[in-house]
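Here is the structure we will look at.
Here is the naming used below: chain letters follow the sequence lines, and residue numbers restart at 1 for every chain. Basis for what follows: all heavy atoms, side chains included, without hydrogens, waters or symmetry-related copies.
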Amino acid sequence: MKIELDKTYNPREVETKWYEIWERSGYFQPKIDPRKKPYVVVIPPPNVTGILHMGHALNNTIQDILVRWHRMMGEPTLWVPGTDHAGIATQNVVEKRLAKEGKTRHDFSREEFLKQVWKWKEEHGSTIVRQLRRLGSSCDWSRERFTMDEGLSRAVREAFVTLYEKGLIYQGHYIINWCPRCHTALSDEEAPHKEMEGMLYYIQYPVKGRAGEHVTIATTRPETMLGDTAVAVNPKDERYHHLAKEKLILPLVGRELAVIQDEFVDPDFGSGLVKVTPAHDPNDFEMGKRHNLEFINVMHPDGRMNEKGGKYAGMDRFNARKQIVEDLEAEGLLVKKVSHLHAVGHCYRCHTVIEPYFSKQWFVKMRPLADKAASIVREGKVNFVPDRWTKVYLNWMDGIRDWCISRQIWWGHRIPVWYCEGNAPLPPGGRGIKGEGGNCPPIVSRETPAACPSCGSTNLRQDEDVLDTWFSSWLWPFSTLGWPQKTKDLSYFYPTTDLVTASEIIFFWVARMIMAGSEFMKEPPFSTVNIHGTIRTETGAKMSKSLGNIIDPLDVIEHVGADALRFSLMMITGAGQDAFLSSEKFEIGRNFANKIWNACRFAFLNLKKESFESFDLSDAEIAKLGWVDQWIVAALNQSIEEVNRALESYRFNDACSVLYHFFWHDFCDWYIELTKSSVVSRQSSEKVLLHVLEKSLRLLHPLMPFQTEELWQKIKPISKKPLGETIMTAPWPKADPVKGQEAPLRKARLLKEIVSLLRNFRAEHEIDPKKGIHVVIESEMGTVRELGEEIKLLVQADAVLFQSSPKGYLKAGLVSGAIVYINAKQDIDITKRKKTIAGNITKLESYIRTLESKLANADFKTRAPEAVYQAETDKLQDSKKKLTHFQQEQKALAELG
RNA sequence: GGGCGAGUAGCUCAGUUGGUUAGAGCGCUACGUUCACAUCGUAGAAGUCACAGGUUCGAGUCCUGUCUCGCCCACCA
């Protein structure tokens, strides 16, 4: 039986083939075993509108590595997948489609519109999920969830009602972040501030009854002056004490404004006077409440001025601003305008400048939740990796403000509150921005109520608003497992183990999950949060579709395969650091994949035996092996230890480089090359070759799942001892250090040194590669004598001899414990050689000086650890010996001419 | 304004508690293809570890300050 492999690896067919088999065979589903502690990860649910980008690729590769690694370690391993309904984003997508037909959602009833969104979701919502499969993500798709499916909707209601009953959810009129384009309130996190170059306008407000007297007020948003109901001054600001009893006249409007005193005002900013617009600014809102001012809302929800805006009614806020400035200028009331850098909130979905807007919304009282969530992290029950994010998290918890959770959109979980419109009439003007019911108290209920419990009326109206998308996301780690029902999954798999995510959503999601977990489950939802970096372009910019600088992971998969994509990403991403990406970077993974492929190809082509009892090597067997075999087994053991250490501390790039180096340089470049020698290659080494290869594939599997499965399946039949169905559940290799494995490791180091020395000599002196050489080695070390055949093979020597002070040979150099000679005297460029020797001498001399002065330092001897002192002493002796040899050679060369 | 991260070879980055003459990949130079792999091999050149002080027997690593770049947070209009 010969195993045939193509000359190059073709990932495409292999990847789709194996994913189907894995999924079909149920390998992604854990077996619940009450005796074992499960390993659980919940996916950060991508938006249903999403398509896979490099950030997803990075995030899911890390999760898949962890999941596959733990699965191989025999833990019942569950990775829960799913998608997020992404309220605003998804609604925007569907509305954009309607806009192409010249329609808005208001051309439909709410129900009809939602039907369209669901339809869109059914047609397109599985895109990202399909793409995650192509990446190799080993999620348990039988447990896939969607934040708006029935179970999760029940969880949302349960959470809302519970918090309401505890007094942690309330409704009230406040200034919130309003997006005039999306027509909805946003939380503080959804309205990130961006630095913007704006204008600071200085406007004169006339003093009532004192012709010609004005005060100057500075504002960045002149259009809001239409809603001014006072002017404020710091009580300590003596410049304005004379205004205390005066009234001011609001320009363009004519309203009388009182001058109020408030500590909030900074006398040093602008003129020291602040216009107060309680309905359009959060600070003014607070002042308005403190001083009992009138709240005048001058804007429509879409950002146009409303009827309170007088002649500006109907104008967009920015046009109104322009017009107002012009009008003030015409009246001579504009003193000056100065450019002004300030931070302005923007909608995180559509990037429109948000408007601080006065409206009635639902809020979650965060303080009690945040205090608990903060102490969970402080007590180490949840750890951030890297640790620096702990501080960021705690900082946010410290300064937390209440969470505005109502959204004025249609796509989402409708707020489970009903108003009775039955018996009692509406109070005049009782409707705010959102409707309010009659006299009966609102009904906040887990189940849709049939009738008003207060008056029995069936004339009920549900709150129009939906909840913030993140209100369902924060329940994700337990809602996906069945909560609020007490399911088997929930009791076995909760709490989860690792959460893997990007720093951008620590506040949106991570922090809130910790709150929700401790509130509803009495236990934090995971024990470790691994925060990875952001993928950037070569120049450090963020990748974004609008900038046209994205590298599409699916393109990369098409070209080099998912394994190469995964390996490359992991190799270049330092733990938690941002990664700078260019398409050439993926050659790392592609080349490595090809290397692995070809190493196996070599093994299969040269296999003499058709099958082996097993690939296992007992200590007794190892003891009987040749040293080269013993060395590669020892090197493999070391690598396993290092990989384990790296994975345990989430240093995936380290794990990659250890395996890359072991496989490519130790295994292929040295071991396989050595086995090509007829002397080294003996019956036993074939088994070692397969042993190392098979173990390497297992070690590489979490990083490169597809290719390792493909090759492992080919190796599998060679072992009579069954290896299992799939590499996915094959055991994770153990490091089994063998007694005395230091000796072969030392020997390999010595061989490498001698071989490098000779190769270097050959290259330096341009000795024809085909020309045979004779090598003589002078050494008192017995081990050197055992390396003859290996050296002969690796440097293409005709002979390798061992003797002292050979005649007619040239010294090629020194290694620790041996002098190496070569017979190629006739080919040597003496001048060049002299130069090299002189260079070596200079370098050595200066090194010796450094060592001598270090050792001469009395403090060094007394304070440095013994081992360090000894090492330095040895180095000095060694260097002096080398120096002597070089000097002798220099002399010999001089005699030659 | 506060906080965080980065600055090491031409490029992209490792360098875990301070202890060999600071490493890798790419790129570059030279040589090599009947050899598993040219998606390869061998060898080589290339660094004031941003800068200035300090602690220490010893600093790329710790401390202080400075500069440059990036990110996050923040209700001074």
Enumerate the protein-to-nucleotides 75-77 of chain B contacts in which both atoms are nitrogen or oxygen and the separation is below 3.5 Å.
unit_1 : atom_1 : unit_2   : atom_2 : d
B:C75  : OP1    : A:Arg401 : NH2    : 3.0
B:C75  : O2'    : A:Asn283 : ND2    : 3.0
B:C75  : N1     : A:Asn283 : OD1    : 3.4
B:C75  : O2     : A:Asn283 : OD1    : 2.0
B:C75  : O2     : A:Asn283 : ND2    : 3.0
B:C75  : N3     : A:Asn283 : OD1    : 3.4
B:C76  : O2     : A:Asp266 : OD2    : 3.0
B:C76  : N3     : A:Asp266 : OD2    : 2.7
B:A77  : O2'    : A:Ala218 : O      : 3.2
B:A77  : N6     : A:Asp266 : O      : 2.6
B:A77  : N6     : A:Phe269 : O      : 3.2
B:A77  : N1     : A:Asp266 : N      : 3.2

- line: note: A:Leu758, atom CG; B:A43, atom C1'; distance rounded to Å ~ 13 Å

field: Separation between the P atoms of B:C28 and B:A52, rounded to whole Å
entry: 34 Å

- request: Using atom NE2 of A:His661 as one end and atom C1' of B:G15 as the other, report the distance to the nearest whole Å.
  value: 15 Å

- request: Output yes when A:Arg645 and A:Glu648 qualify as a salt bridge under the 4.0 Å nitrogen-oxygen rule, no when they do not.
  value: no

field: Pair A:Lys880 + A:Glu852, salt bridge at N-O below 4.0 Å
entry: yes

- prompt: So what does A:Pro865 hit on the nucleic acid, given a heavy-atom distance under 4.0 Å: a base, only sugar-phosphate, or nothing?
  reply: base

Using atom names, set out every protein N or O paired with an N or O of nucleotides 36-38 of chain B below 3.5 Å, distance rounded to 0.1 Å.
unit_1 : atom_1 : unit_2   : atom_2 : d
B:A36  : O3'    : A:Arg601 : NH1    : 3.0
B:A36  : O2'    : A:Asn598 : OD1    : 2.4
B:A36  : O2'    : A:Arg601 : NH1    : 2.8
B:A36  : N7     : A:Lys676 : NZ     : 3.3
B:A36  : N6     : A:Glu673 : OE2    : 3.0
B:A36  : N3     : A:Asn598 : O      : 2.9
B:C37  : O4'    : A:Asn598 : OD1    : 3.0
B:C37  : O4'    : A:Asn598 : ND2    : 3.4
B:C37  : O2'    : A:Asn594 : ND2    : 3.1
B:C37  : O2     : A:Lys595 : NZ     : 2.9
B:C37  : N3     : A:Lys595 : NZ     : 2.8

- request: Write out the stems for RNA chain B, ordered by first number and formatted as range with range, counting runs of at least 3 consecutive Watson-Crick or G-U wobble pairs under 3.5 Å.
  value: B:1-7 with B:67-73, B:10-13 with B:23-26, B:28-32 with B:40-44, B:50-54 with B:62-66

- request: Answer yes or no for A:Lys337 and A:Tyr201: cation-pi contact, defined as NZ/CZ to six-membered ring centre under 6.0 Å and angle to ring axis within 45°.
  value: no

field: B:A6 versus B:A46 - spacing of their P atoms, nearest Å
entry: 29 Å

Are any protein N/O atoms closer than 3.5 Å to N/O atoms in nucleotides 22-25 of chain B? If there are, list each pair with its distance.
none

message: B:U42, OP1 or OP2 - any side-chain N/O from A:Asn760 closer than 4.0 Å?
response: no

- prompt: Rounded to the nearest Å, what distance is computed from the CZ atom of residue A:Phe860 to the P atom of nucleotide B:A59?
  reply: 12 Å

query: Does a donor on one side chain sit under 3.5 Å from an acceptor on the other, for A:Ser657 and A:Asp654?
result: no

- prompt: Is any N or O donor-acceptor pair between the side chain of A:Arg651 and the base of B:U16 shorter than 3.5 Å?
  reply: yes

Interatomic distance where CG belongs to A:Asn653 and P belongs to B:C26 [whole Å]: 17 Å

query: Cationic tip of A:Lys881 within the cone over A:Phe886's six-membered ring, i.e. under 6.0 Å and within 45° of the normal?
result: no

- request: Using the six-membered ring wherever Trp is involved, compare the ring planes of A:Phe384 and A:Tyr393 and label them parallel, tilted or perpendicular (cut-offs 30° and 60°).
  value: tilted

message: Please give the distance between the P atoms of B:U33 and B:U17 as a whole number of Å.
response: 47 Å

message: Rounding to an integer number of Å, can you tell me how far A:Asp398 CG sits from B:G2 C1'?
response: 13 Å

- prompt: How far does the C1' atom of B:U16 sit from the matching atom of B:U61, given to the nearest Å?
  reply: 11 Å

message: When the P atoms of B:C63 and B:U21 are compared, how many Å lie between them, rounded to an integer?
response: 24 Å

task: Please state how far atom CG in A:Leu851 lies from atom P in B:G58, giving the value in whole angstrom units.
output: 15 Å

task: Determine, for A:Arg221 against A:Glu355, whether the closest basic-nitrogen to carboxylate-oxygen distance falls under 4.0 angstrom.
output: yes

task: For the residue pair A:Phe592 and A:Phe663, categorise the inter-ring angle as parallel (less than 30°), tilted (30 to 60°) or perpendicular (more than 60°).
output: perpendicular

- line: Which of B:A43, B:A14, B:C4 is nearest the side chain of A:Ser756? It is B:A43

- line: Among B:G19, B:C72, B:A43, the one nearest any side-chain atom of A:Arg759 is B:A43

- prompt: Between A:Gln870 and A:Asp874, does any side-chain donor sit less than 3.5 Å from a side-chain acceptor?
  reply: yes

query: In residues 866-878 of chain A, which ones come under 4.0 Å of RNA chain B, going by heavy atoms?
result: A:Val868, A:Lys875

statement: Taken to the nearest whole Å, CD1/A:Ile531 to P/B:C72 is 14 Å

message: Measure CD/A:Glu195 against C1'/B:C73 and give the value in whole Å, please.
response: 12 Å

query: How would you list all residue pairs meeting salt bridge (charged side-chain N to carboxylate O under 4.0 Å, His left out) that involve residues 270-279 of chain A, not counting sequence neighbours?
result: A:Asp228-A:Lys275

message: Please report whether the ring centroid of A:Phe363 lies less than 6.0 Å from that of A:Tyr174.
response: yes

